[in-house]
Amino acid sequence: MGASSLNKILIVTVLLLATFTSLALGQGNRWFSRGGTRVGFYKSTCPRAEFIVQSAVQTAVRANPTIAPGLLRMFFHDCFVNGCDASILLDGASTEKTAGPNAFLRGFEVIDAAKSRLETACPGVVSCADILALAARDSVVLTGGHSWHVPLGRRDGLVSRASDTATLPAFNDPMTVQIQKFADKGLNIQDLVILVGGHTIGTAACALFSYRLYNFNNTNAPDPDINQAFLPQLRALCPNGGNALRRVALDTGSVNSFGNSFYDNLRIGRGVVESDAKLWSDRRTQRFVQGFTGRRSGFKFNAKFGRAMVKMGNIEVKTGRQGEIRRVCTATN
């Protein structure tokens with residue numbers, strides 16, 4: 001075999017090794033690109049970005065555990081309205097933040113704190129949209145969930161309108177409407193079931209579900225989907241005509257612990273808000289709920305939740321020259 005043939009074999013071998021290495025890295029979810037975002041986006045421009053956000057979230061959650069579900073919901077509400085562009089963070093008389101569906105969100109000050117520290121460390125580099133994506137992941141981890149690599153590189157939106165929040169799934173949406181709202185964002189039925197599983201942490205105000213307890217659909221009777229043994233507990237927490245702002249755990253026994261017990265509760269009629277309860281009573285979603293029940297399904301749920309969050313986190317993202325990198329998260333530049 002001549003030198004020319006050996007060189008050709010060597011070149012082919014090197015190219016194959018490079019291809020296999022790229023595939024391995026992609027499968028490992030370490031440095032891949034997705035939807036214009038990529039893991040490691042700030043590796044050279046702001047290497048401590050993720051640590052700075054994590055530190056801010058950790059401090060806040062340790063002081064007030066309700067911040068964790070607040071940040072997770074905030075990211076969801078941001079992505080479903082004109083994409084994951086931090087438009088939920090903008091102040092103003094008629095911005096998304098002022099809309100009814102966002103009235104109970106919390107944790108805005110945590111994002112502001114992280115942004116302030118990042119502007120000191122790396123001025124004008126890290127977007128508010130990426131801070132929110134990282135904060136959502138860190139909130140899950142701090143409450144016992146598994147971590148995942150967050151693709152970054154989002155830019156911040158310039159527009160925020162309260163009227164646009166009609167695209168958000170509502171607490172009383174029929175399942176067909178829920179499925180369509182998720183489909184409109186490129187998310188399938190399994191994604192819906194997985195992402196709603198974020199309700200394993202956090203609470204809901206009595207105002208969002210008390211109608212189920214006393215006069216469901218003008219029947220003068222409770223919602224039949226509610227477990228009859230669970231009904232007295234809910235009524236004790238939310239008496240008819242009582243405090244509409246009282247908070248009740250969405251996942252009984254797991255308000256501050258991220259896991260798959262939410263699905264176990266749905267299976268036995270312990271879903272608190274109507275849209276959650278329908279996940280079990282509707283055949284289109286029930287099989288996915290069933291797949292996440294039981295102790296052995298905890299790892300599977302955590303793994304799939306991370307993947308679904310990455311998928312949701314790439315809804316209509318602004319990258320490149322789109323949008324901007326805000327100096328403060330509450331106002332455009």
Side-chain angles (χ1 to χ4, degrees), residues 61-74 76-77 100-107 139-140 142-145 168-175 177-178 193 195-282 285-286 289-290 292-295 297-298 301:
V61 171
R62 284 179 175 174
N64 179 2
T66 67
I67 292 295
L71 291 171
L72 181 57
R73 307 266 198 283
M74 193 186 300
F76 181 95
H77 283 221
N102 295 326
F104 296 112
L105 291 181
R106 62 185 67 193
S139 294
V140 169
L142 286 167
T143 50
L168 282 169
F171 63 89
N172 57 352
D173 276 345
M175 187 51 61
V177 174
Q178 289 191 65
V193 174
L195 290 168
V196 174
H199 285 176
T200 185
I201 55 174
T203 60
C206 290
L208 299 183
F209 66 89
S210 60
Y211 67 93
R212 299 183 67 211
L213 311 181
Y214 304 99
N215 187 24
F216 182 65
N217 289 343
N218 296 315
T219 60
N220 288 319
D223 184 342
D225 284 343
I226 302 175
N227 185 312
Q228 288 301 299
F230 188 45
L231 183 61
Q233 296 179 43
L234 291 178
R235 284 179 166 175
L237 293 167
C238 301
N240 201 6
N243 181 4
L245 298 180
R246 183 170 184 177
R247 312 291 300 185
V248 176
L250 286 164
D251 183 9
T252 304
S254 179
V255 66
N256 294 319
S257 179
F258 194 94
N260 67 318
S261 58
F262 172 73
Y263 301 106
D264 293 324
N265 275 322
L266 292 185
R267 185 174 58 83
I268 58 174
R270 287 175 172 257
V272 175
V273 297
E274 184 181 357
S275 57
D276 287 357
K278 296 300 183 190
L279 293 176
W280 179 255
S281 61
D282 191 287
T285 49
Q286 186 183 92
V289 173
Q290 181 68 50
F292 293 126
T293 59
R295 288 185 179 180
S297 298
F301 165 60

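When a residue number appears, it is its place in the shown sequence, counting from 1.
Nearest heavy atoms, Ala244 versus Ala205: O-CB, 3.6 Å. The two residues Ala236 and Arg246 come nearest to each other via the heavy atoms O-NH1, 4.2 Å. Of all the heavy atoms in Cys238 and Phe209, the pair that sits closest is SG-CZ, 3.5 Å. For the residue pair Leu168 and Pro101, the shortest heavy atom distance occurs at CD1-CB, 3.7 Å. The two residues Arg106 and Met74 make their nearest non-hydrogen contact at O-CE, 3.4 Å. Here the closest heavy-atom approach between residue Gly259 and residue Thr200 is recorded as O-OG1, 3.0 Å.
Proximity of a side-chain donor or acceptor of Asp173 to a complementary backbone N or O of Val177 within less than 3.5 Å is not detected. For Thr143 (side chain) and Val140 (main-chain N/O), a donor-acceptor pair under 3.5 Å exists by modelled atom type. No donor-acceptor pair under 3.5 Å is formed between the side chain of Ser261 and the backbone N or O of Asp264. Checking side-chain atoms of Asn265 against main-chain N and O of Thr252 turns up a donor-acceptor pair under 3.5 Å. The backbone N or O of Gly294 lies less than 3.5 Å from a partner atom in the side chain of Asn260, making a donor-acceptor pair. Here the side chain of Asn217 pairs no donor or acceptor atom with the backbone of Thr219 at under 3.5 angstrom.
Between Glu274 atom CD and Ile226 atom CD1 the span is 9.0 Å, to the nearest 0.5 Å. Here the CD-CH2 distance, from Gln290 to Trp280, works out to 4.0 Å after rounding to the nearest 0.5 Å. Between atom SG of residue Cys206 and atom CG of residue Asn243 there is a gap of 7.0 Å, rounded to the nearest 0.5 Å. Here the CG atom belonging to Leu71 is positioned 9.0 Å from the CD1 atom belonging to Ile201, to the nearest 0.5 angstrom. One distance of note links CG of Leu266 with CZ of Phe292; it measures 12.0 Å at 0.5 Å rounding.
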Gln178 and Ser275: side chain to side chain contact (heavy atoms under 4.5 Å, CB included), yes or no, with the steps?
CA-CA 8 Å; Gln178 289 191 65; Ser275 57; 3.4 Å; yes
Between Leu245 and Phe104, does a side chain to side chain contact (heavy atoms under 4.5 Å, CB included) hold up when you go through it step by step?
CA-CA 9 Å; Leu245 298 180; Phe104 296 112; 3.8 Å; yes
Asp225 vs Arg212, test: side chain to side chain contact (heavy atoms under 4.5 Å, CB included). Steps then yes/no.
CA-CA 9 Å; Asp225 284 343; Arg212 299 183 67 211; 4.0 Å; yes
Does the pair Thr285 and Met175 meet the rule for a side chain to side chain contact (heavy atoms under 4.5 Å, CB included), with working shown?
CA-CA 9 Å; Thr285 49; Met175 187 51 61; 3.7 Å; yes
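Side-chain contact between Phe76 and Leu105 is absent, with no heavy atoms from C-beta onward closer than 4.5 Å. Residues Asn256 and Pro65 form a side-chain contact, since some pair of their non-hydrogen atoms from C-beta on lies under 4.5 Å apart. When side chains are defined from C-beta on, Thr66 does not count as touching Thr203, because their heavy atoms never get closer than 4.5 Å. Side-chain contact between Arg235 and Pro222 is present, with at least one heavy-atom pair separated by less than 4.5 Å. Taking the side chain as every heavy atom from C-beta outward, Arg270 and Gln233 approach each other to under 4.5 Å.
Ring-plane geometry between Phe301 and Tyr263 is classed as perpendicular, the angle between the planes exceeding 60 degrees on a 0 to 90 degree scale with a lower cut at 30.
In this model, no donor atom of one side chain and acceptor atom of the other lie less than 3.5 Å apart for His199 and Asp251.
Judged by a 6.0 Å distance limit and a 45° cone about the ring axis, Arg267 is not positioned over the six-membered ring of Phe262.
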